[in-house]
Amino acid sequence: MAAAEKGTPPTAAEVRRLHAVRRMIFLLLAVAVVAAVIVPFKLPGKPSSLARTVFEDLESLPQGSSVLLSFDFDPTAKGELEPMGIALLRHCFARNLHPVVMTFWQSGVALHKTMVERTAAEYGKVSGRDFVFLGFKPGDVNLILNMGESITGAFDKDYYGRPTQGMPALAGLNSLRTLSYAVCLAAGMTTEVWIAYGGDRFGFPLAAGCTAVIAPDLFPYLQSGQLRGLLGGLRGAADYELLVGTPGEATRGMRPQSVAHLFILGLIALANAEVFAAFLKKRRRF
Amino acid sequence: MWYKRTLPLLVVFVAGLVGFCQEYVAHPAASRLLEIVTTWFRIIGGFALFIGLWSLLHMHAGRIRRRPPGWGYSLFVFIGAALMIGTGLYNSGSGPLAAAPGEGSWFQWMYTYIQVPCGSTIFSILAFFMASAAYRTFRARTLEAVLLLLAAAIVMFGRVPISELVSPYFSKVSDFLMAYPNLAAKRGILLGISLGAIAQSLRILFGIERSYMGAGD
């Protein structure tokens, strides 16, 4: 029995064993993930109903509609949310919708700019005419309330310093009240801010994408109808890539993620086998 | 005392009351007022960025002066901040007031090749700690722990496409666990937090809660 379970401080030998086990786990996980990246194998791909709802919502919008994409993440969540954002942008551009991209995360602006510019270039889209990149402005709740009154009032210039007033991509979009659809990709809790002060208040349909750890927190809003759909973690991004028909980073990421999940489940089983063995040994003693 | 205590309380009460009443007034003037007030808030919010930066640098300057273990890392805060702020203000020679730096700028280069990989790495290594923690702590010693373990195992397995190769029911059960038991627990927490936030807002509005005014109030 480990010292921690007995309530006594661990011995030097136990500490050494713990460190050795931890390093072995790190090494085996790294080998498993790298192997899954290198060795190709096919996985079944069946998009979730939550991702399908977002996809069908965007499909149903008339061409030229404005879709607000709030990219509220920075490089720490790039692995999960960048492929999601790119898949959404590709869908918008393929359908001739006008993405209006903004962020509440100052540290993510340069990342989002690259995402938007590269994806727009794939489809030959022009800034200001086919899409708008508004960049960052401080204010969170107040910025949303401000945009609810006037988009061009809240963002009088786009990221490149051009006046937003009269921009073709913003034609017909005076405020959030006339917005066709919005998707918030969040690595924090900005989705809840968008729900309370955006979607609920100004009446536009809102969907969300988030890192896997946040997804469980957003389920109450799905059942209440405050969120139309949800793309959760890398799986959500892979689902959307499949729906759009452009498999990319997220789809490729499903292999290492599957292997990592199996590895962790194996570790949990191994740890509990030890517990079970100790339990049987104890019973035999009595 | 009146300037330090009564006046701030009065400002909070009036501002709160105006914000509250604005919700119930359909006149365009109310809408215009909201636009003006939220613009003010955003301007004030901009200054918070400078305060945040000052606070961060001040803390790390203190660490460098006191030299506790690991103080050398604080130097990197200053080096990183100086490089990013410097290249951002230089803006490829266009100056701080010109349009934001472009694709080939030093700022963009450092962001793409230093900040993005470092940020992604920090988040990625969580998987290693999670694997180690799962092995060391996820032990089924009580009935509650067994239930939690089973739910977690099903959700973990059901969330990856490899589960479809075993049985399609894993993802269905995983979705059920997320959409019902998880939702019930989350909603309870959410209602508790919301009620707490309303109570706290009322306390601030009526001057009962004064901790935001600083120590001693």
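Letters A, B, ... are given to chains in the order of the sequence lines, protein chains preceding strands, and every chain is numbered from 1.
- You'll find the side chain of A/Lys46 stays beyond 4.5 Å of the side chain of B/Pro161, heavy atoms only.
- Near-neighbour residues of residues 38-55 of chain B relative to chain A, defined by a heavy atom under 4.5 Å from a heavy atom of that chain, comprise B/Thr38, B/Thr39, B/Phe41, B/Arg42, B/Gly45, B/Gly46, B/Leu49.
- Taking OG of B/Ser171 as the start and CZ of A/Arg235 as the end, the distance is 6.5 Å to the nearest 0.5 Å.
- Heavy atoms of A/Leu267 lying under 4.5 Å from chain B belong to its backbone as well as its side chain.
- For A/Lys157, no part lies under 4.5 angstrom from a heavy atom of chain B.
- Considering only heavy-atom pairs separated by less than 4.5 Å from chain B, the leading option among A/Ala30, A/Pro138, A/Gly139, A/Gly266 is A/Pro138.
- For A/Phe73, no part lies near chain B; criterion is any non-hydrogen pair under 4.5 Å.
- In this structure, chain B has heavy atoms under 4.5 Å from both the backbone and the side chain of A/Ser107.
- The number of heavy atoms from other shown groups lying within 6.0 Å of CZ (B/Phe78) is above 12.
- Contact tally against chain B (heavy-atom pairs below 4.5 Å) for A/Asn272, A/Val275, A/Thr114: the top residue is A/Asn272.
- Across B/Met178 and A/Pro216, no two heavy atoms sit closer than the pair CE-CG, 3.7 Å.
- Of the listed residues (A/Ala154, A/Gly135, A/Ala238), the one with the most heavy-atom contacts under 4.5 Å to chain B is A/Ala154.
- Of the atoms belonging to A/Ala260, not a single heavy atom falls under 4.5 Å from chain B.
- Dense packing is recorded around CE of A/Met189, with more than 12 heavy atoms of other residues, nucleotides or ligands lying under 6.0 Å away.
- Annotation: ring-ring contact (aromatic ring centres under 6.0 Å, His included) contacts of A/Tyr221 (sequence neighbours excluded): none.
- Taking chain B as the reference chain and counting heavy-atom pairs below 4.5 Å, the highest number among A/Ser258, A/Gly45, A/Gly161, A/Gly153 is found for A/Ser258.
- For the set B/Phe138, B/Phe128, B/Phe123, B/Phe129, the count of heavy-atom pairs under 4.5 angstrom toward chain A peaks at B/Phe128.
- The residue among B/Met156, B/Arg32, B/Glu23, B/Glu164 with the most heavy atom pairs within less than 4.5 Å of chain A is B/Met156.
- For A/Ala271 against B/Arg139, the heavy-atom pair with the smallest separation is CB-NE, 3.5 Å.
- Taking CG from A/Asp217 and CD1 from B/Ile189, the interatomic distance works out to 8.0 Å, rounded to the nearest 0.5 Å.
- Listed for the B/Ser120 side chain is a donor-acceptor partner under 3.5 Å among the backbone atoms of A/Pro75.
- When each of B/Leu149, B/Val155, B/Ile122, B/Thr112 is checked for heavy-atom pairs under 4.5 Å with chain A, B/Leu149 comes out on top.
- For A/Arg177, the CZ atom sits in a packed shell: over 12 heavy atoms of surrounding residues, nucleotides or ligands are nearer than 6.0 Å.
- Not counting sequence neighbours, B/Arg159 has no partner by the side-chain hydrogen bond (donor to acceptor under 3.5 Å, both in side chains) test.
- Heavy-atom distances place the side chain of A/Leu262, and not its backbone, under 4.5 Å from chain B.
- A/Arg118 touches chain B through its side chain: at least one heavy atom from C-beta onward sits under 4.5 Å away, while N, CA, C and O do not.
- Neither the backbone nor the side chain of A/Arg255 comes within contact range of chain B, judged by heavy atoms closer than 4.5 Å.
- Using a 4.5 Å cut-off between heavy atoms, A/Leu18 contacts chain B through its side chain alone, with no backbone atom that close.
- Heavy-atom neighbours of B/Phe76 CZ from other residues, nucleotides or ligands within 6.0 Å: at or below the threshold of 12.
- For the salt bridge (charged side-chain N to carboxylate O under 4.0 Å, His left out) test, no residue two or more places apart in sequence or in another chain qualifies with A/Glu192.
- Contact of A/Ala212 with chain B is not made at all, since no heavy-atom distance falls under 4.5 Å.
- Minimum interatomic distance between B/Val116 and A/Lys78 (heavy atoms only, all atoms of both residues): CG1-CD, 3.3 Å.
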TODO: Determine, stepwise, if the pair A/Phe219 / B/Tyr180 fulfils ring-ring contact (aromatic ring centres under 6.0 Å, His included).
DONE: CA-CA 9 Å; A/Phe219 271 75; B/Tyr180 295 99; 9.6 Å; no

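- If you measure heavy-atom distances from A/Val21 to chain B, the contacts under 4.5 Å come from the side chain alone.
- Heavy-atom minimum distance, B/Ala134 versus A/Ile264: CB-CG2, 3.8 Å.
- Residues B/Gln115 and A/Leu111 have side chains not in contact (no heavy-atom distance under 4.5 Å, counting atoms from C-beta outward).
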